[in-house]
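One-based numbering, in listed order, for ligands and for the atoms of each. Just so it is clear, the values below take in all heavy atoms, side chains as well, and ignore hydrogens, waters and symmetry mates.
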Amino acid sequence: MPNNLPNDFISNLEQIVTDKGLIVEKNEIRPYITERRGRFVGETLCVVKPATTKEVSAVVKLCSDNKVAIVPQGGNTGLVSGGIPFAEDRAIILNLSRMNTIRDLDPINNTMTVEAGCILQTIQDHASKNDRLFPLSLGAEGTCEIGGNIATNAGGINVIRYGNTRALILGLEVVTPTGEIWDGLRSLRKDNTGYDLKQLFIGSEGTLGVITAAVLKLFPSPKEQQTAFLALNSLEDALPLLNMAQSMIGDALTSFELIPRIGIEFSQKHGHRVIDPIEAKHDWYILMEASAGTANSFLPDLFTKYMEKAFEEQWVLDGVLAQNKAQSDSFWLIRENVTLCQKPEGGSIKHDIAVPVSSIPTFIRKANAAVKKLIPGIRPYPFGHVGDGNIHYNLSQPVGMDKQAYLNRWEEVNRVVHDIVIDLNGSISAEHGIGRVKVKENAHYKSSIEIKLMQQVKHSFDPLNIMNPGKLIPSIQPKK
Ligand code: FAD
Ligand code: MLT
Ligand code: ZN
């Protein structure tokens, strides 16, 4: 039984969520306190899995009365340890997975109302069964939950056309740190009646309240997709290629992903059925995709013309146009493995940065030079969402170097890379958020006025600082 809890706290919890919703046994708790990439294992007093918004409200009220901290959690796929409490937090985990009802889909209004614990893939599938598209798509979609996507303002591979999660939410239902239920589940595209409160909760990483349901924007489902895998002449050529895609293909363009040679090599070494679509080896690749609302559309011809022009301008050295869905899926399998296949190569120091799109090549060249000076033999592994200026600038340990010795240098390396990002007017977190991992870096680079304003917002919502303490911004100690 967890210790240092107010007495009868657990029995009160049991009254609220019944036995199915309360986990106190250490070994059953383990999956909830282990960070996805296994870097961190946290600690918690217990895991509470409410089934309804009312239960969430009652749990939060109980915690607020007893000053017990709460870490809201969805699919626990976060990459900055935002959903994991550490011992010093003396927190319960409030896991939303049992709240996974799709409450409504309105095809005329193009909205879907879902509970926070709905898995992203389930939402995507339900939309397409109703001839609609919910466009948020990321590598963890089989496990991550919409509550976590909203709390982290997740991005993914379709941001270039549909925006990140922030652009896809019309209404929210939230339980505040005092346990009150705010029903903001409006499905209007226009509503000018005061502060847009939902925007405060989107990207708040569980620090302002528990998101229990949301109204999502739906889009017409694509009737045709075209995918291409291109070998770049140089990294710099990604920019005119993107520019030409935006003028020739326009907003039909949905993805424009950068893949390095090393990503293909790691994927072929550690991945499954990963085939390089282009014979010769090149340094850089672009995986791009567009979709149209009508079948037998203009896309195939357009892509052919686009590629002819790209060859003419010598921006590409080779390229393959997917002839069918299976081939398009094989290109996306490479992209998925680029993310997953870095891990077996040992320690990785990660960055999820954004710079102005036009600065991507400059950033990569400068950062590569800087980190190689810092740690000779380090292996830069830059990939990601070019159209959003978002590069996952990951760095694999030098072959032969001790993994822990390498990882122990992550803060020094982060600072060198982030200094280059800030010099280029970028951001040290593009889509994964700040969580616990980047709190210090965020406080280092953000202006004091920005930190102060965020702390004032936090304090006005959560004066007791029980909502996900120690995440996102430096905590201000609650008034005694
Ligand atoms: P969790 O990890 O459970 O929690 C994340 C944060 O949200 C925590 O701070 C938590 O406290 C808070 N939270 C969770 N649920 C709620 C709630 N209901 N109310 C309030 N706060 C809540 N991210 C991207 O943006 N783009 C990508 O392309 C991408 N690719 C990924 C690929 C892989 C293989 C993996 C493992 C992760 C990837 N991620 C990506 C990161 C991660 O999937 C996202 O951050 C996702 O949105 C987290 O959702 P989750 O349900 O797992 O949240
Ligand atoms: C991705 O785009 O694959 C992820 O955001 C990067 C990651 O998981 O490191
Ligand atoms: Zn990403």
Any idea how Phe331 and Phe229 line up, ring-wise: parallel (<30°), tilted (30 to 60°), or perpendicular (>60°)?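 Correct class here is tilted.
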His432 vs His392 aromatic rings, parallel, tilted or perpendicular, using cut-offs 30° and 60°?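 Correct class here is parallel.
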Contact atoms of ligand 2, heavy-atom distance to [X] under 4.0 Å:
X	value
Arg335	1 (C), 2 (O), 3 (O)
His385	2 (O)
Thr339	1 (C), 3 (O), 7 (C), 8 (O)
Glu431	2 (O), 5 (O)

Is it true that Arg379 and Glu345 make a salt bridge, defined as a side-chain N closer than 4.0 Å to a carboxylate O?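 Result for this pair is yes, salt bridge flagged.
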Is the closest heavy-atom distance from Ser204 to ligand 1 below 4.0 Å?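 For ligand 1, residue contact (heavy atoms, under 4.0 Å) with Ser204 is absent.
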Among the heavy atoms of Gly156, does any lie under 4.0 Å from an atom of ligand 1?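 Yes.
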Residue of the set Gln327, Glu289, Lys325 for which side-chain hydrogen bond (donor to acceptor under 3.5 Å, both in side chains) holds with Thr227: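 That would be Glu289.
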Pick from Lys350, His351, Glu441: which one makes a side-chain hydrogen bond (donor to acceptor under 3.5 Å, both in side chains) with Asn414?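 Result for side-chain hydrogen bond (donor to acceptor under 3.5 Å, both in side chains) with Asn414: His351.
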Does any N or O of ligand 1 fall below 3.5 Å from an N or O anywhere on [X], backbone included?
X	answer
Ala140	no
Thr339	no
Gly75	yes
Cys144	no
Gln73	no

Angle at the Zn ion (ligand 3) (to 10°), with one arm to OE2 of Glu431 and the other to NE2 of His392: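 NE2 of His392, the Zn ion (ligand 3) and OE2 of Glu431 span an angle of about 90°.
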Region of Leu79 that comes within reach of ligand 2 [heavy atoms, distance under 4.0 Å]: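 The part of Leu79 near ligand 2 is the side chain, not the backbone.
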For a quick check under 3.5 Å, do [X] and [Y] share a side-chain donor-acceptor pair by atom type?
X	Y	value
Lys49	Tyr32	yes
Glu115	Asn100	no
His270	Gln342	no
Ser128	Gln124	no

Of the listed options (Gly83, Ala154, Ser137), which comes nearest to atom 4 (O) of ligand 1 when hydrogens are ignored and any heavy atom counts?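 Checking each option, the heavy atom nearest atom 4 (O) of ligand 1 is found in Gly83.
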Indicate yes or no: does an N/O atom of Lys350 lie under 3.5 Å from an N/O atom of ligand 2?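 Lys350 vs ligand 2: no N/O contact under 3.5 Å.
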Main-chain N/O of Gly347 paired to Gln397 side chain as donor or acceptor, under 3.5 Å: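 Yes, Gln397 side chain to Gly347 backbone: donor-acceptor pair under 3.5 Å.
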Classify the contact between [X] and ligand 1 as side chain, backbone, both or neither, using a heavy-atom distance cut-off of under 4.0 Å.
X	value
Thr77	both
Ile211	both
Ile157	neither

Contact flag Asp352/the Zn ion (ligand 3), N/O/S atoms, threshold under 2.8 Å: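 So Asp352 does not count as coordinating the Zn ion (ligand 3).
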Within the stated cut-off of 2.8 Å, is an N/O/S atom of His385 closer than that to the Zn ion (ligand 3)?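 Checking His385: at least one N, O or S atom is under 2.8 Å.
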Does the ring of Phe383 carry Arg335 above it, NZ/CZ under 6.0 angstrom from centre and within 45° of its axis?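 Pair Arg335/Phe383 does not count as cation-pi.
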